[in-house]
K.L.:
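Sharing a structure with you now.
Below, read A as the first sequence line, B as the second, and so on, with proteins coming before strands; counting in each chain starts at 1. Hydrogens, waters and symmetry mates play no part in the numbers below; they use all other heavy atoms, side chains included.
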2 protein chains.
Amino acid sequence: MTQQLNGRKKKLLELIVNEYVSTAEPVGSRTISRRYPMGVSSATLRNEMADLEELGYLEQPHTSAGRRPTQKGYRYYVDKLLKTSSITEEEEKVIQNSLAKMNEVEHIISVASRVLSQITSYTSLILGPQFKKSAFNQLRILPLDDNKGLVVMITNMGFVKNKVIELPRSLSGAELQQVVQYLNKKMYGLTIDQVTESLIKELKRDLFNRIELLEQAFLLLEESLNEEERARVFLGGTTNILNQPEFKDVNKIKQFLSLFEQEDLLFNLLEGEGDVCESSGDVVVKIGRENPLEEVHECALVTASYMIGNRTIGKVGVLGPTRMDYDRVLAVVRAITIHLNRVLER
Amino acid sequence: MTQQLNGRKKKLLELIVNEYVSTAEPVGSRTISRRYPMGVSSATLRNEMADLEELGYLEQPHTSAGRRPTQKGYRYYVDKLLKTSSITEEEEKVIQNSLAKMNEVEHIISVASRVLSQITSYTSLILGPQFKKSAFNQLRILPLDDNKGLVVMITNMGFVKNKVIELPRSLSGAELQQVVQYLNKKMYGLTIDQVTESLIKELKRDLFNRIELLEQAFLLLEESLNEEERARVFLGGTTNILNQPEFKDVNKIKQFLSLFEQEDLLFNLLEGEGDVCESSGDVVVKIGRENPLEEVHECALVTASYMIGNRTIGKVGVLGPTRMDYDRVLAVVRAITIHLNRVLER
DNA sequence: TTTAGCACTCAATGATTTAGAGTGCTAAAC
DNA sequence: GTTTAGCACTCTAAATCATTGAGTGCTAAA
């Protein structure tokens, strides 16, 4: 389908994309020949542009206007024409400095998200570390006073989850230890994902005679499964899109912004993709309708995974108009991901 | 300054506010006399309206337009004319049902915020429980393995904060217990607010010979002081304002929405006020420029405090245009607060 | 004090015009 | 065969102008 374009057409498409990205105005043959002398006249370019339109890479808003890239045009640009550039040293420094001092994971990520949106001036989304993908390490019950205790669950990735429960007096310390030991043995090494309801039922059965006493301790487990179903999505620069001329219509703005209030959609946006095609663990670009979600049909999404050790635990993304500075965004996303990996390694 | 208005003027102002609130159009004498027959002609109303304008309660966008309430007009309406109504049974049910099942505090509040914005169709803000206002209860160090431990800090309001630290092997279990015991004794009953840097320094001095070993444990304390400086602000319906005709200008939208990305501003908005005047712990209304923050000069903010026990731990608020349905919003905020108090009581 | 009547104001709406950027096509030039 | 100059044509965006109608303020009579 996607034919090979001759050199001049490639160059032309590239110029048009660049020009349109920076001006947001449909670009005409005249503009190109004036601004980027290619040794041919505007008439020639006109012919070439008509060809590119026929091939589906360009479109006209109306007959007597210049042309702008279609989704297919952007796709070709990203796949074939993009030269991987890198970010400026200054930007590099900004990233490094902002992430350097932080300790807490959530904090790091929220800062990363802010930096990402600032540098790109688009909207950033970062899918936080997913508790459920980390492996169970141990469970402790820490007596607080006569009838209260703190259940603490720790995962191999350093997540800690806890809950204050009431401890029936009738339970001796020794018994408690036994139960805890048993649970630890059974669950060690499983990811939280794998602690299914059926496993919990099984555990309960095994501990039949002590169930009621520890009903509340189990609550922690169950809540971990349900409530934390979706990791938090960290947003930055949600209003940046308002600077884009294509979003001057209030209804579009509304549709776009209300997306950010639906964390489940955001989660799917980030998590739902990257399925197979994410070969090298590198950056993925989804343009316009390539994304099933209607709200982003006029947007492009650039994502990458970040990891602790060799395990992917979340995603970094930038969402902007399809008329996006892909070159730059790709570089920034790549850089942020690398820094995030480094910092999270501790 | 604020003179007494005669009965008819009061009634008229009330009608105008109501009418303007529901239509968003400046209301003219004719409209009023047609829609709400008061036994007098439009000419009479015209005179009365001219008076109200002179007194500063009404204004005209331009000479030949109807009139709309000024900030002063709204203030008079809220202070003198508002009849406290209550919410519908259905709304009552919605609130009750949404909040009933939840356990975790954060979750409760985030749901409350969503419900609040849904019912009012304005933007809701809830200032989450403030860790720093709860009192220190105890600190524990829980050994994880040979060289790691989990520091757990628990407050009287059931907040738990923790951090994984490295434990130097050279520290014996008994020594550790001693240190922990000492810290507990020193800090018991203080609010986190009161654990100042100077106190930490003092503690460090007392434990001089063991400082280095526990440097990291102190980190938890220090982070508690700094990072969690501000409690989280939970938002709901941030895009609801886009449905309001007075916010059809993209720049206004931008200014308004970018407020929501600055948590510190939101924090001040909610916390900074309610200072003294909040006599009965009841609902507070701030209209337009009564609020120092420029971004909300065309908005009204309705807030109330919620509490655990008899201690205020956070605030509930609704932010909308000054042309707000005060009657309804006050009722809803009141209701939400009551339910929140009840649910948080556990 | 109230009201009818009337002249006047002004934003909003819609029609009309104009200007300019850009296209497609043709015929000549390379 | 490609490229180019020239030209007629198209269509939007901006500017101008006229119209409409809701609403006011004022005056004089009830």
K.L.:
Let me know the distance between CG of B:N47 and P of D:dG23, rounded to the nearest Å.
P.N.:
17 Å

K.L.:
Once rounded to the nearest 0.5 Å, what's the spacing between atom OG1 of B:T337 and atom CZ of B:R334?
P.N.:
9.0 Å

K.L.:
Rounded to whole angstroms, how far apart are CD on A:E59 and C1' on C:dT23?
P.N.:
16 Å

K.L.:
Would you say the side chain of B:V27 lies within less than 4.5 Å of the side chain of B:R67, judging by non-hydrogen atoms?
P.N.:
no

K.L.:
Given C:dA21, is OP1 or OP2 found less than 4.0 Å from the side-chain N or O atoms of A:R34?
P.N.:
no

K.L.:
Tell me whether the OP1 or OP2 atom of D:dT4 has a side-chain N or O from A:R30 closer than 4.0 Å.
P.N.:
no

K.L.:
Give the nucleotide from the list C:dA4, D:dC11, D:dT4 with an atom nearest to the side chain of A:H62.
P.N.:
D:dC11

K.L.:
Quick check: closest heavy atoms across A:T322 and A:Y326, and the distance to 0.1 Å?
P.N.:
O-OH, 2.6 Å

K.L.:
Provide the Watson-Crick or G-U wobble partner of D:dA29, both distances under 3.5 Å; none if there is no partner.
P.N.:
C:dT2

K.L.:
What nucleotide, of D:dG25, D:dT4, C:dA4, holds the atom closest to the side chain of B:E53?
P.N.:
D:dG25

K.L.:
Rounded to the nearest angstrom, tell me the gap between atom CD1 in B:I32 and atom C1' in D:dA22.
P.N.:
14 Å

K.L.:
Can you tell me the distance, in whole Å, between the CD atom of A:E25 and the C1' atom of D:dC11?
P.N.:
15 Å

K.L.:
In terms of the nearest nucleotide of DNA chain C, which residue is placed more toward the 5' end: B:R46 or A:S29?
P.N.:
B:R46

K.L.:
Could you state the CZ-P distance from A:R67 to D:dT12, rounded to the nearest angstrom?
P.N.:
16 Å

K.L.:
Minimum heavy-atom separation for A:K286 to A:R75, with atom names?
P.N.:
CA-NH2, 4.2 Å

K.L.:
Are any of B:T63's side-chain N or O atoms less than 4.0 Å away from OP1 or OP2 of C:dT9?
P.N.:
no

K.L.:
Between D:dT4 and A:T44, is there an OP1 or OP2 to side-chain N/O distance shorter than 4.0 Å?
P.N.:
yes

K.L.:
Nearest whole Å is fine: how far is C:dA21 C1' from A:R35 CZ?
P.N.:
13 Å

K.L.:
Return the value, rounded to whole Å, for the distance between atom CG of B:N6 and atom P of C:dT2.
P.N.:
9 Å

K.L.:
Which nucleotide in the list C:dT3, D:dT24, D:dG23 gets nearest to the side chain of B:T31?
P.N.:
D:dG23

K.L.:
Under the 3.5 angstrom rule, does the side chain of B:T44 hit a backbone N or O of B:V40 as a donor-acceptor pair?
P.N.:
no

K.L.:
Rounded to whole angstrom units, what separation is found between the CD atom of A:Q60 and the C1' atom of C:dG22?
P.N.:
8 Å

K.L.:
Of all the choices, C:dG24, C:dC10, D:dT3, which nucleotide is nearest to the side chain of A:A50 once you look at every atom?
P.N.:
C:dG24

K.L.:
Output yes when a side-chain donor or acceptor of B:S22 lies under 3.5 Å from a complementary backbone atom of B:N18, and no otherwise.
P.N.:
yes

K.L.:
What does D:dC9 pair with, Watson-Crick or G-U, if both distances are under 3.5 Å?
P.N.:
C:dG22

K.L.:
Quick one: does A:S64 reach the base of D:dT10 with a side-chain donor-acceptor pair under 3.5 Å?
P.N.:
yes

K.L.:
Go through D:dT24, C:dA11, D:dT4 for me and flag the one nearest to the B:M49 side chain.
P.N.:
D:dT24

